[in-house]
Amino acid sequence: MDHRVESFMANIIAKNPNEQEFHQAVQEVAESLIPFIEENPKYKHAKILERIAEPERVILFRVPWLDDKGEIQINKGYRIEMNSAIGPYKGGLRFHPTVNLGILKFLAFEQVFKNSLTTLPMGGGKGGSDFDPKGKTDNEVMRFCQSFMTELARHIGPDTDIPAGDIGVGGREIGFMFGQYKRLRNEFTGVLTGKGREWGGSLIRPEATGYGCVYFAQAMLKTRNDSLEGKIISISGSGNVAQFAAEKVTELGGKVVTVSDSNGYIYDPAGINREKLDWLMELKNIKRGRIKEYAEQYGVEYVEGMRPWSIKCDVALPCATENEINKEEAERLIKNGCFVVSEGANMPSTNDAVEVFLRNRILYGPGKAANAGGVAVSGLEMTQNSMRLSWHREEVDQKLQQIMKDIHETCIKFGKEEDGHINYVKGSNIGGFVKVADAMLSQGAV
Ligand code: NDP
């Protein structure tokens, strides 16, 4: 490691002990940015990177709720308001038992760069709870969401902080939280995105992260005069992002052969066609079942306790969670001929795995760039809410495609190396940084 990065990281680790995911996310960015900042001393003197790595505000609260047996349960609630230099805080809420401060800080940190890349005026934030919606009844989820929002409501607002969904937070949870916010404030405003179509939501928002990740893969392939047509695709996860990535990539002529959940993965060599995908969506979104049932339904292989990266593919779309591709798995993907990785999930590759992708000079699109379509359409939802109108499906999809192309262009602008190779890690880190850093310079030492 570069000694400047090393000393910067020593300080981050000392100030934020036991937050491994946060250290990992900051290190990945620092490796791209520190050499750039050395060449641009205005950022160095104003300590922009040091400031960006410190949240503007961290809110931690108790979430008590009653389960169906009448027993009191207690969870932790969080909101990290990371950076508001270019717009109000914006970023999802995650409900998962693994949620802790370090995970939410890594997500909020990445969100600052991602939101800047979208070209829309959004700052960065993230929040959530260690509440596990799995195995809970709809009534329990509702009571939890109402209690969570009762506290969160005092910290957010359509011009202050606008949360959205993430792992464990979909349309159902957003609905319960929006209902409670409206009741507390007596205001119908766009305080959350990912809302239902009938009550202020944007068309294409549910699809946006998955579609955007595929549009980004398409843009990367185009630099090599190639396309998704006929490619074998391996996807991890089977939630919101995975489902719509599978839908779009199939529409564009690719064949999706894997999906997974936290218990294991299925391998369907014939491909997950429209009919199978509809079945999968019903299994996951309505019945809330396990991926193993797909294997039983279609008579294909199910591998318990493993991730899908040993399956041969051309394109990998990790769409489940952080650190789901390690060094060995990255090497295995490359050995099997995979040459495109477009990240639907946030930080799904460990820093060692990223290193493998960069060394092998594959088309590697990091999450900050590749999954920015979700927050971009959230930004479009905010615009529609402010204007009190809703755009057609085609119009939103067109804007999403344009934003993904623009993000790709930014990556080329800041990430193209002397020999013409595009380093998307460098491109997205520097491209996301410059706009936020310049805004911070203009706003003084705040
Ligand atoms: P969902 O809750 O809809 O789906 C998550 C999927 O990932 C499920 O299949 C889940 O399996 C699996 N998963 C979750 N945790 C783990 C784990 N620890 N190990 C293995 N599998 C796991 O979430 P989303 O699809 O919304 O989010 C997926 C990823 O995309 C996350 O990294 C998120 O931060 C990122 N993202 C999401 C955006 C959005 O708009 N929703 C925007 C940008 C990024 P199981 O059901 O077993 O838990």
Side-chain angles (χ1 to χ4, degrees), residues 21 25 90-100 103-104 106-111 113-115 117-118 124 126-128 131-135 163-174 192-194 201-202 204-213 216 235-247 258-266 280-281 283-285 287-294 304-309 317-326 342-349 365-379 381 400 404:
E21 290 83 2
K90 177 91 198 94
L93 296 170
R94 175 177 292 191
F95 293 168
H96 195 274
T98 56
V99 162
N100 60 37
I103 288 190
L104 293 178
F106 116 64
L107 289 163
F109 180 77
E110 293 246 308
Q111 195 82 43
F113 296 82
K114 183 190 307 190
N115 293 4
L117 282 170
T118 65
K126 200 83 190 188
F131 172 75
D132 187 359
K134 258 191 234 127
D166 190 75
I167 292 179
V169 178
R172 174 181 65 169
E173 292 76 16
I174 293 288
L192 294 164
T193 57
S202 175
I204 302 284
R205 176 60 189 91
E207 293 89 339
T209 310
Y211 279 18
C213 165
F216 198 81
I235 294 184
S236 65
S238 50
N240 171 267
V241 180
Q243 291 171 17
F244 289 107
E247 179 171 285
T258 70
V259 281
S260 69
D261 62 20
S262 50
N263 294 103
Y265 75 88
I266 63 98
L280 174 73
M281 285 178 167
L283 173 76
K284 284 290 171 186
N285 307 341
K287 295 186 191 143
R288 298 185 188 271
R290 307 306 299 157
I291 205 65
K292 187 179 178 188
E293 296 166 53
Y294 179 102
E304 176 90 26
M306 296 291 286
R307 303 189 280 234
W309 312 124
L317 305 177
C319 296
T321 192
E322 59 272 4
N323 292 330
E324 54 164 325
I325 303 182
N326 62 26
S342 188
E343 295 182 341
N346 284 307
M347 205 168 75
S349 311
K368 266 184 218 90
N371 71 36
V375 72
V377 176
S378 274
E381 183 171 327
L400 169 63
M404 296 316 294

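Start at 1 and go down the list; that is how both ligands and their atoms are numbered.
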Subject >> Nearest option to atom 38 (C) of ligand 1, as decided by whichever heavy atom of T209, N323, I103, V169 sits closest >> reply: T209
Subject >> Check: S349 side chain, I325 main-chain N or O, donor-acceptor pair, under 3.5 Å >> reply: no
Original post:
Within the structure, does R94 bring an N/O atom to less than 3.5 angstrom of an N/O atom in ligand 1?
Top reply: yes
Subject >> Selected option - heavy-atom contact closest to atom 19 (N) of ligand 1, from N285, V241, V377, T321 >> reply: T321
Subject >> Contacting atoms of ligand 1, where contact means under 4.0 angstrom from a heavy atom of N240 >> reply: 3 (O), 25 (O), 26 (O), 41 (N)
Original post:
Rounded to the nearest 0.5 Å, how far apart are OG of S238 and CE of M281?
Top reply: 11.0 Å
Original post:
Is it true that a side-chain atom of N240 and a backbone atom of P206 form a donor plus acceptor pair closer than 3.5 Å?
Top reply: yes
**OP:** Flag N371 as yes when one of its N or O atoms lies below 3.5 Å from any N or O atom of ligand 1, and as no otherwise.
**Re:** no
Original post:
Considering S262, G170, S260, which one's heavy-atom position lies nearest to atom 20 (C) of ligand 1?
Top reply: S262
Original post:
Can you list the atoms of ligand 1 that are under 4.0 Å from a heavy atom of G344?
Top reply: 30 (O), 35 (C), 36 (N), 44 (C)
Subject >> Enumerated ligand 1 atoms positioned under 4.0 Å from heavy atoms of S238 >> reply: 9 (O)
Original post:
Which ligand 1 atoms, with their elements, are less than 4.0 angstrom from a heavy-atom of C319?
Top reply: 28 (C), 29 (C)
Original post:
So, is R205 polar-close to ligand 1, with some N/O to N/O distance under 3.5 Å?
Top reply: yes
Original post:
Are the charged groups of E322 and R94 less than 4.0 angstrom apart, N to O?
Top reply: yes
Original post:
Out of curiosity, F131 CZ to E173 CD, how far, rounded to the nearest 0.5 Å?
Top reply: 8.0 Å
Subject >> Minimum non-hydrogen distance to atom 26 (O) of ligand 1, winning option of I235, D166, L107 >> reply: D166
Original post:
Going by the order shown, which atoms of ligand 1 are within less than 4.0 Å of some heavy atom of K134?
Top reply: 45 (P), 46 (O), 47 (O), 48 (O)
Original post:
Nearest heavy-atom pair of G289 and K284: which atoms, and what distance?
Top reply: O-NZ, 2.9 Å
Subject >> Short side-chain to backbone donor-acceptor contact, N263 and R290, under 3.5 Å >> reply: no
Original post:
To which protein heavy atom is atom 23 (O) of ligand 1 closest, and what is the distance rounded to 0.1 Å?
Top reply: I167 CA, 3.4 Å
Subject >> Nearest-neighbour protein heavy atom for atom 32 (O) of ligand 1, which is reported as residue plus atom name and distance >> reply: N346 N, 3.2 Å
Original post:
Considering only heavy atoms from C-beta outward, does the side chain of E324 approach that of W309 to under 4.5 Å?
Top reply: yes
**OP:** Report yes or no: does T258 contribute a side-chain atom to a donor-acceptor pair with the main-chain N or O of I266 at less than 3.5 Å?
**Re:** no
Original post:
Checking E381 side chain against G194 main chain: does a donor-acceptor pair fall under 3.5 Å?
Top reply: yes
**OP:** Decide yes or no for T98 and T321: does some side-chain heavy atom of the first lie under 4.5 Å from some side-chain heavy atom of the second?
**Re:** no
Original post:
Which bit of R290 is near ligand 1, meaning a heavy atom under 4.0 Å away: side chain, backbone, both or neither?
Top reply: side chain
Original post:
Is it true that a side-chain atom of N371 and a backbone atom of T209 form a donor plus acceptor pair closer than 3.5 Å?
Top reply: no
**OP:** Answer yes or no: is there a side-chain heavy-atom contact under 4.5 Å between C213 and E343?
**Re:** no
Original post:
Nearest protein heavy atom to atom 10 (C) of ligand 1: under 4.0 Å?
Top reply: no
**OP:** Heavy-atom distances under 4.0 Å are what count here, so tell me which part of H96 touches ligand 1: side chain, backbone, both or neither.
**Re:** side chain
Subject >> Pick from G165, A345, A208, A320: the one approaching atom 28 (C) of ligand 1 most closely through a non-hydrogen atom >> reply: A320
Original post:
Who's closest to atom 6 (C) of ligand 1 heavy-atom-wise, of G239, P318, G91?
Top reply: G239
Subject >> Those atoms of ligand 1 less than 4.0 Å from some heavy atom in G237 >> reply: 9 (O)
**OP:** Say whether G168, considering both its backbone and side-chain N or O atoms, lies within less than 3.5 Å of an N or O atom on ligand 1.
**Re:** yes
